[in-house]
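Quick notes on the structure that follows.
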Amino acid sequence: MSGIALAAPYLDTDADQLSFALGHPPHTALAVRDLTVGGLDVQLRLLGASHQVFAGPVRETVACLPGVEGGLPDSAEREVDGWHYRFGAGVRRFPAGEFSTRVAVIRSRAEAHPRALYGIFPGSPEAVTALTVEWCDTGPSWRTWHTYPQSRTIVATHTRLEVR
């Protein structure tokens, strides 16, 4: 899938502003991709430099949420309607050259992935939000990347949903 050249401004200015939540209703999306993965309906939602993934009973949101303090947990686990949900996030800052290389790898990975959604923001080809999803043995697994060229920061998340 080709990256979507987004016309929307880059609103999330720093990775520290992102929050994690489960169960939030859909936010206005810049792009949406509906998929069936392993027989499960999955919706990837690009919200700017943030995302939502709806998979089975799970509604994951990583975004700047009004009234919710910024900062992502390193990990979170929950039981949701017969599924075990496991989330992990990492935030890393890079030197300029390494940041550019890593963003190029993210874009290439999303470009080659059959179940991806990614957007490129105006003003910088390194301002990217990318999501990929696949089916593992017991359920879907998805990864996301949010890149912040102004601080050379990349937020990477990995989620696993396993049927119980």
Does some side-chain heavy atom of [Y] sit less than 4.5 Å from a side-chain heavy atom of [X]?
X      : Y      : value
Val53  : Val62  : no
Asp34  : Asp41  : no
Val133 : Leu44  : yes
Ser75  : Phe87  : no
Phe99  : Glu126 : yes
Trp145 : Thr132 : yes

[atom1]/[X] to [atom2]/[Y] distance, rounded to the nearest 0.5 angstrom?
X      : Y      : atom1 : atom2 : answer
Arg59  : Leu22  : CZ    : CG    : 11.5 Å
Ile154 : Tyr148 : CD1   : OH    : 11.0 Å
Thr138 : Trp83  : OG1   : CH2   : 8.0 Å
Arg86  : His158 : CZ    : NE2   : 8.0 Å
Thr147 : Ile120 : OG1   : CD1   : 9.5 Å
Asp16  : Thr153 : CG    : OG1   : 8.0 Å

Do you know which two heavy atoms are closest between [X] and [Y], and how far apart they sit?
X      : Y      : result
Arg33  : Ala116 : NH1-O, 2.7 Å
Ile4   : Ala31  : CD1-CB, 3.7 Å
Ser141 : Arg160 : CB-CD, 4.2 Å
Pro73  : Ala89  : O-CB, 3.5 Å
Gly56  : Leu40  : CA-CD1, 3.7 Å
Ala15  : Val155 : CB-CG2, 3.3 Å

Query - Ring-face cation of Arg152 near Phe94 (centre distance under 6.0 Å, axis angle within 45°) - result: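 Geometry flag: not set, cation outside 6.0 Å or 45°.
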
Please confirm whether the backbone N or O of [Y] pairs with a side-chain atom of [X], one donor and one acceptor, at under 3.5 Å?
X      : Y      : result
Arg45  : His27  : yes
Gln52  : Pro25  : yes
Arg143 : Thr157 : no
Thr61  : His24  : no
Thr101 : Gly97  : yes

**Report entry** Intermediate values then yes/no, side chain to side chain contact (heavy atoms under 4.5 Å, CB included), Glu111 and Tyr118
**Finding:** CA-CA 8 Å; Glu111 186 72 36; Tyr118 79 103; 2.4 Å; yes

Report task. Go through the side-chain N and O atoms of Glu60 and Tyr85 and say whether any donor and acceptor fall under 3.5 Å apart. Result ->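 Yes - a donor-acceptor pair under 3.5 Å links their side chains.
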
Query raised in the report: Does the side chain of Trp142 come under 3.5 Å of the side chain of Glu134 through a donor N or O and an acceptor N or O?
Result: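 Per modelled atom types, Trp142 and Glu134 side chains form no pair under 3.5 Å.
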
Query raised in the report: Under a single-linkage rule joining Ile, Leu, Val, Met, Phe, Trp and Tyr whose side-chain heavy atoms are separated by less than 4.5 Å, which residues share a cluster with Val32?
Result: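 Under the 4.5 Å side-chain rule, Val32 groups with nothing.
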
Query - Remaining members of the apolar cluster that contains Leu65, side-chain heavy atoms under 4.5 Å - result: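 Once heavy-atom contacts under 4.5 Å are chained together, Leu65 belongs with Val68.
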
Query - Evaluation steps, side chain to side chain contact (heavy atoms under 4.5 Å, CB included), between Ser50 and Leu18 - result: CA-CA 8 Å; Ser50 9; Leu18 293 176; 4.3 Å; yes

**Report entry** Over 12 non-hydrogen atoms of neighbours within 6.0 angstrom of CD in Glu79
**Finding:**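 For Glu79, atom CD is crowded (more than 12 foreign heavy atoms under 6.0 Å).
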
**Report entry** Working for side chain to side chain contact (heavy atoms under 4.5 Å, CB included), residues Val103 and Val128
**Finding:** CA-CA 8 Å; Val103 172; Val128 173; 4.1 Å; yes

Query - Single-linkage hydrophobic cluster, 4.5 Å side-chain cutoff, Phe20 and Phe54 together - result: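 Per the 4.5 Å side-chain linkage, Phe20 and Phe54 are not co-clustered.
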
Query raised in the report: Given the rule in the side chain to side chain contact (heavy atoms under 4.5 Å, CB included) test, do Leu30 and Leu47 qualify, once you have shown the distances and angles that lead to the verdict?
Result: CA-CA 6 Å; Leu30 299 175; Leu47 309 177; over 6 Å; no

Requested in this report: Can you tell me which residue pairs pass the salt bridge (charged side-chain N to carboxylate O under 4.0 Å, His left out) test with a partner in residues 95-109, sequence neighbours excluded?
Outcome: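 Counting only pairs at least two positions apart or across chains, the salt bridge (charged side-chain N to carboxylate O under 4.0 Å, His left out) contacts touching residues 95-109 are Glu98-Arg102.
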
